[in-house]
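By convention in this document, chain letters (A, B, ...) are assigned in the order of the sequence lines, proteins followed by strands, and residues within each chain are numbered from 1.
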Amino acid sequence: MTKKERAIIYLDLLTHLEYKHKRNIIDLYEDIGLLFENPTICYDYLLINASQGYAKSFIDGVNAKIHDKIIDEVVNGDFTILTEQSQGYPKSLLNIDFRPLCLYCKGNVKLLNAKNIFSIVGSRKTLPEYLKHCSNISNELSSNGVVIVTGVANGADKSAILGAIDSGNLILVLAGGFNYINSEQNRDLINKTATNGLVITEYAPSVPHLAYHYPIRNRIIAGLSKGVLICSGNYKSGTKYTAQFALDYNKDLFCFPYAINVGSGELCNKLIKEGAYLIESVEDISQVCNFAINQKQNASLSQLEETVYLEIKKGTTKVESLIEKLNLKIYELIPILSSLEIKGYVLKNNSNEYINLL
Amino acid sequence: MLAKVTSFSLYGLQGLPISVEVDVFNGMPSFEIVGLADTAVKESKERVRSAIKNSGKHFRNGKITINFAPADIKKQGAYLDLAIAMGILKAQGEENLIDISDYVMLGELSLDGSLRGVNGIMPILISAKSLGYTKFIIPKENEFEASYISGTTIYALNSLIEVVDLLSNNKQFSPLIENEYNTSGSEIEYSCDLSYVKGQAFCKRALEVAVSGGHNMLMVGPPGAGKTMIAKCIPTIMPDMAFTEALETTKIHSVAGLLNNNEGIITKRPFMTPHHTATNTALIGGGPNALPGIISLAHNGVLYLDEMPEYTRSTLESLRQPLEDRVITVSRAKASVQYPASFMLCGSMNPCPCGNYGIKDKICNCTMSQITKYRAKLSAPLLDRIDIQVAVEGVKYDDLTSDSIEESSKSVKRRVNIARKIQLERFKDDNITTNAQMSEKHLKKYCKLSKECEDIIKTSFYTLNLSARARTRIIKVARTIADLDYSENILPKHVLEAIGYRSNI
């Protein structure tokens with residue numbers, strides 16, 4: 001580990017110091033590696049721009065030579081640290097404002113510089129059929145070598161994770177330090193991703209998950225990827241920050257279309273009106289982003305399944321209407337519907353409606 | 001002079017013979033009761049004294065000592081009044097009584113000498129009969145209940161005078177005529193019928209499967225979808241109670257004092273709907289005398305928990321053991337009693353506190369943590385015991401007013417009856433009666449899956465994200481669906497249908 005990297009890590013560990021000060025300090029030095037040999041520049045800066053307390057605790061720390069101990073403690077943890085001066089630091093993040101000083105990574109760090117990275121985000125309250133669409137798209141992209149980036153919330157994020165977790169092409173961006181993974185609801189998914197994918201965070205291990213971290217964290221999700229898929233969201237949801245960052249960084253924005261008056265989809269419709277791509281299938285994404293996607297072979301259907309599926313495709317979703325139109329008994333129909341569901345053609349929602357997925 | 005009379009006292013569902021010994025002799029007038037009697041029994045001396053006097057009989061002012069044997073068991077209830085009164089009359093030696101020790105006497109006395117009905121006559125008579133007692137005198141109020149006990153001579157009388165008349169051969173009374181248990185059940189009328197439920201074909205079919213196999217069921221749906229109405233139809237499609245089942249259920253209701261005196265025996269399957277504020281004791285049973293709770297009253301019937309997540313967590317968790325063992329042991333200071341509690345659990349809940357989560361054209365106002373908290377009320381081990389979990393959709397106005405003909409409960413019941421018969425035949429050596437009660441051992445023995453079925457379950461695990469526990473549930477339900485289809489083996493279509501009834505919460 002170079003001196004530069006150690007210095008940046010030390011700055012990053014000053015968790016109460018604002019980001020802009022850290023950035024300024026790095027810019028003040030010609031070579032940030034000289035931070036500990038020449039601490040007075042930093043001391044003077046802190047004294048003027050931050051507070052006396054910061055300056056004093058910084059200089060005392062350096063004089064007492066405890067900085068090496070503090071850095072070693074973090075560096076020797078069970079994760080990799082990439083500073084902005086490191087080799088593996090994602091190139092896509094180098095261009096964005098407020099790029100993280102350090103990325104704490106668990107897992108396969110090569111994924112950060114993969115050619116094709118795509119992020120999928122959405123709100124916690126996403127309708128079941130959209131969750132299914134979300135995990136299907138995540139699955140198809142990731143199995144074709146596209147790395148999926150997402151957060152770890154329930155709802156859309158979680159189904160994106162579930163779609164991609166088996167292929168290993170998955171990056172999770174946390175909004176807090178690694179010491180707090182166990183307090184996450186989806187800790188099992190995080191731990192699994194840490195072994196076959198990648199979990200990253202810009203926060204030092206001792207920083208807890210705070211509410212305001214989430215929107216800030218979204219800039220990493222948007223910054224890493226070629227394009228962003230917004231699965232769902234209302235005007236108030238945090239997803240809108242990701243969309244905003246994506247536009248700021250000049251990334252492609254994709255949205256699922258929603259019917260009129262569906263609360264969980266109003267953000268998507270608004271973005272589409274403003275020029276985001278409307279997504280119905282994975283092809284819509286691959287054409288824009290130039291991803292090579294192999295056509296997925298759908299399982300073959302029996303004759304009866306075909307008839308039922310065609311009827312559902314026409315828009316008959318209710319079980320009662322299907323019984324009436326196809327003149328089937330309920331106990332004949334349910335096995336066919338279940339079979340279609342298992343084969344991935346339809347999805348049952350919370351109102352006993354079967355919805356066409358393809 | 002000494003007199004001995006036999007009576008009974010009730011311990012849980014078990015009647016225990018009590019020998020009432022009365023001694024009356026000259027001396028300072030006193031009235032002593034010994035033999036571990038509780039308050040209701042000790043107070044009986046006042047009732048007995050007045051009843052004897054007001055019946056026009058002489059009450060001798062002597063030294064009266066009454067002993068209950070066995071002396072080490074606490075005697076409860078007012079069953080012993082009649083036995084004490086008759087013992088005193090006999091001991092006074094003034095009555096021309098025949099040997100009264102042949103009879104088992106049960107009943108509470110009123111001050112005017114009339115006989116009052118008591119709770120728990122049915123279980124007492126059943127226990128007494130099995131112990132070899134055949135002649136009984138009981139209050140008239142309890143005659144319907146008692147008339148289903150065969151092979152006994154039971155006199156149901158109105159007052160102390162009538163008892164004296166009977167025992168001194170002054171008057172002739174005819175013993176109770178035995179009532180035949182009517183198994184046809186055609187006269188049973190329910191206020192609900194499946195034909196009144198419009199639409200909901202999916203849910204109705206799920207209900208049919210659940211009742212056929214005795215599977216517990218959970219309905220999830222928005223407010224006003226008709227969950228309660230569907231649940232109320234469960235008793236209408238449940239198979240008629242066999243005599244032994246009816247006796248078991250009646251015994252429990254008799255002990256709890258909930259038996260209607262005009263009914264005698266319970267022929268309708270009980271449908272219990274405790275309110276969600278019900279305490280553990282109300283649900284499970286308890287109190288100082290360890291009385292049965294609602295789950296025992298629902299024995300052989302349905303326990304319907306409306307708005308399930310509103311119940312306290314501990315109440316719901318306390319259901320886990322009885323759901324598994326189908327009996328509940330209630331232990332209290334005065335008694336430890338085992339009550340049967342073999343019921344079908346049917347629950348209903350909303351998808352979230354406001355009820356609109358995941359419904360397309362409605363907006364849910366709940367926060368995610370509220371929803372998680374709401375659903376977490378039903379723990380995984382509890383949900384594990386609920387084989388069928390279905391969504392109930394809200395009904396459109398057009399469906400409500402349509403004239404489409406829905407299948408009636410009667411024709412569904414016919415299919416259920418056949419499916420139950422197949423199960424009884426299958427499990428006759430296994431000490432269980434329904435598919436839902438199958439353990440891992442039975443699954444291996446009776447639910448052999450073809451390769452095709454295994455493949456379906458395997459793929460569904462990956463594509464539908466099922467939990468490992470879902471497998472057993474799916475196989476059990478598939479077995480019931482196969483039974484409804486008169487199929488000996490579980491076929492792929494049965495497995496597929498069972499997968500349709502999986503949880504989506």
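- Of the listed residues K125(A), E324(A), R124(A), Q185(A), the one with more heavy-atom pairs under 4.5 angstrom with chain B than any other is K125(A).
- If you take CG on L333(A) and CD on E497(B), they are separated by 9.5 Å, rounding to the nearest 0.5 Å.
- Crowding of R415(B) atom CZ: a count of heavy atoms from other residues, nucleotides or ligands under 6.0 Å exceeding 12.
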* Which is it for F202(B) and K348(A) under the side chain to side chain contact (heavy atoms under 4.5 Å, CB included) test, yes or no, and what are the steps along the way? -> CA-CA 12 Å; F202(B) 192 91; K348(A) 187 168 100 176; 3.6 Å; yes
* Step-by-step side chain to side chain contact (heavy atoms under 4.5 Å, CB included) determination, I456(B) to I342(A) -> CA-CA 8 Å; I456(B) 291 170; I342(A) 292 172; 3.9 Å; yes
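- Residues E332(A) and K493(B) are not in side-chain contact: their nearest non-hydrogen atoms beyond the backbone lie 4.5 Å or more apart.
- The heavy-atom pair separating A201(B) from I323(A) by the smallest distance is CB-CD1, 3.7 Å.
- Only the side chain of L162(A) comes within contact range of chain B, judged by heavy atoms closer than 4.5 Å.
- By number of non-hydrogen pairs under 4.5 angstrom with chain A, the leading residue of E208(B), H494(B), Q200(B) is Q200(B).
- In this structure, CG in L484(B) is found 10.0 Å from OH in Y331(A), a value given to the nearest 0.5 Å.
- Looking at heavy atoms from C-beta onward, E320(A) lies out of side-chain contact with K198(B) at the 4.5 angstrom threshold.
- Residue Y235(A) qualifies as enclosed at atom OH: its count of foreign heavy atoms under 6.0 Å is above 12.
- Interface remark: K132(A) contributes side-chain atoms only to the contact with chain B (heavy atom separation under 4.5 Å).
- By the neighbour-count criterion of 12 heavy atoms within 6.0 Å, atom OH of Y446(B) is densely surrounded, having more than that number from other residues, nucleotides or ligands.
- Chain B forms the most heavy-atom pairs under 4.5 Å with one residue out of L337(A), L347(A), I330(A), and that residue is I330(A).
- Atom NZ of K377(B) has more than 12 neighbouring heavy atoms from other residues, nucleotides or ligands inside a 6.0 Å radius.
- Other residues, nucleotides and ligands contribute only 12 or fewer heavy atoms inside 6.0 Å of the NZ atom of K232(B).
- I371(B) touches chain A through its side chain: at least one heavy atom from C-beta onward sits under 4.5 Å away, while N, CA, C and O do not.
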